[in-house]
There are 2 protein chains.
Amino acid sequence: MQNDDQQKVLDCPVRSVLADISGKWNTLIIIMLAERPYRFGQLRRHIPDISQRMLTQTLRNLQRCGYVNREVFPTKPPSVEYSLTDLGRSISEPLQALIQWAELHSDAVKTARKNYDMVENRGGGNIR
Amino acid sequence: MQNDDQQKVLDCPVRSVLADISGKWNTLIIIMLAERPYRFGQLRRHIPDISQRMLTQTLRNLQRCGYVNREVFPTKPPSVEYSLTDLGRSISEPLQALIQWAELHSDAVKTARKNYDMVENRGGGNIR
DNA sequence: CTGAATCCTAAAAGATACTG
DNA sequence: CAGTATCTTTTAGGATTCAG
């Protein structure tokens with residue numbers, strides 16, 4: 001009975017993990033930290049369009065879920081370094097695969113959208 | 001210069017694809033359709049907690065981006081079958097990998113969250 | 001059966017100002 | 001430098017009603 005596969009998808013644990021990579025910034029930050037550790041300000045500079053609020057919030061949540069490590073260096077002024085945990089490095093692999101897919105196929109998606117928007121314009125437009 | 005990798009991530013095309021798999025239902029539906037085509041009502045029944053509005057909306061968007069095929073059978077009453085396009089099948093592979101990761105590690109994430117919530121309870125609790 | 005339309009609530013995200 | 005605290009805007013999503 002192939003129904004099992006579907007049930008897995010409906011399983012809450014899976015969805016809760018999916019929720020982690022949802023959100024505008026989660027995946028992006030995991031991918032960045034997969035390359036090397038970053039300090040707070042460095043992340044901000046490399047992601048120009050993130051607010052410090054969202055950066056803090058996203059990092060906190062990733063830390064909470066065990067993906068990210070937060071290390072405070074008691075310098076003056078203080079600096080905080082973020083890096084991936086083992087779990088974070090682990091999930092970064094399927095995420096990288098997804099990014100690669102996106103790089104390869106984003107054009108196909110773009111033209112698909114364009115075609116759809118063009119054809120589907122009966123109702124607003126006038127094809128007669 | 002390893003900066004290139006980061007730029008790729010910041011690239012808008014990639015983010016736009018990532019946005020497609022964000023959202024509460026997109027991934028779920030792609031994964032389901034990866035198994036076999038479904039009719040509208042079948043999808044509803046297999047995903048008990050989706051509203052028909054979100055189901056319609058999600059399917060429309062997936063169709064628009066080229067992941068999903070929509071075929072209308074002029075039966076009485078009409079029935080509509082949704083299936084993956086080649087592009088949809090293609091993206092379903094990295095998505096499946098992600099699902100598998102989630103199945104394998106959701107427990108680790110769960111306990112990480114629990115630990116964090118426990119330790120971080122100074123401020124609300126009283127560890128003194 | 002499929003799905004469009006409207007209304008409404010909740011959650012995500014942005015802007016800004018302030019602190020150790 | 002690395003945050004926290006508010007406030008406001010925007011978007012996602014749910015409930016309900018109606019239609020081909």
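Chain identifiers are assigned alphabetically (A, B, ...) following the order of the sequence lines, protein sequences preceding nucleic acid strands; residue numbering begins at 1 within each chain. Owing to the predicted nature of the structure, the values given are computational and were not obtained by experimental measurement.
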Near-strand residues of residues 58-77 of chain B, defined as heavy-atom separation under 4.0 angstrom from DNA chain C: Arg60(B), Arg70(B), Pro77(B)
Heavy-atom contact window of chain A on DNA chain D, given 5' to 3' at under 4.0 Å: dC1(D) to dT6(D)
Test item: Lys110(A) and Cys65(B) side chains (from C-beta on) under 4.5 Å apart, heavy atoms: no
Inter- and intrachain pairs under side-chain hydrogen bond (donor to acceptor under 3.5 Å, both in side chains), touching residues 52-64 of chain B, at least two apart: Asp117(A)-Arg64(B)
Side-chain donor-acceptor distances from residues 66-73 of chain A under 3.5 Å, at least two apart:
from	atom 1	to	atom 2	distance (Å)
Tyr67(A)	OH	Asp20(A)	OD2	3.0
Arg70(A)	NE	Tyr82(A)	OH	3.3

Partners passing side chain to side chain donor-acceptor pair (under 3.5 Å) against Ser79(B) (at least two apart in sequence or in another chain): none
Residue list, side chain to side chain donor-acceptor pair (under 3.5 Å) with Trp25(A), at least two apart or on another chain: none
Any protein N or O atoms within reach of nucleotides 9-11 of chain C? Criterion: under 3.5 Å, listing atom names and distances.
none

For Ala34(A), side chain to side chain contact (heavy atoms under 4.5 Å, CB included) partners two or more places apart: Leu84(A), Ser92(A), Gln96(A)
Salt bridge (Lys or Arg N to Asp or Glu O under 4.0 Å) partners for Asp107(B), two or more places apart: none
Pairs under 3.5 Å (N/O, protein and nucleotides 12-16 of chain C):
from	atom 1	to	atom 2	distance (Å)
dA13(C)	OP1	Lys24(A)	N	2.8
dA13(C)	N7	Arg53(A)	NH1	3.3
dG14(C)	OP1	Lys24(A)	NZ	2.9
dG14(C)	O6	Arg53(A)	NE	3.3
dT16(C)	O4	Gln52(A)	NE2	3.4

Val17(B) side chain near Ile99(A) side chain, heavy-atom distance below 4.5 Å: no
Pairs meeting criterion salt bridge (charged side-chain N to carboxylate O under 4.0 Å, His left out) with involvement of residues 78-100 of chain A, two or more places apart: Asp86(A)-Arg89(A)
Over-ring placement of Arg36(B) relative to Tyr38(B), 6.0 Å and 45° cut-offs: yes
Pairwise side-chain contact, Ile91(A) with His105(B), heavy-atom cut-off 4.5 Å (strictly under): no
Angle between terminal axes - the helix from dC1(C)-dG20(D) to dG20(C)-dC1(D), 5 pairs each end, rounded to 10°: 50°
Test item: Leu98(A) and Thr27(A) side chains (from C-beta on) under 4.5 Å apart, heavy atoms: no
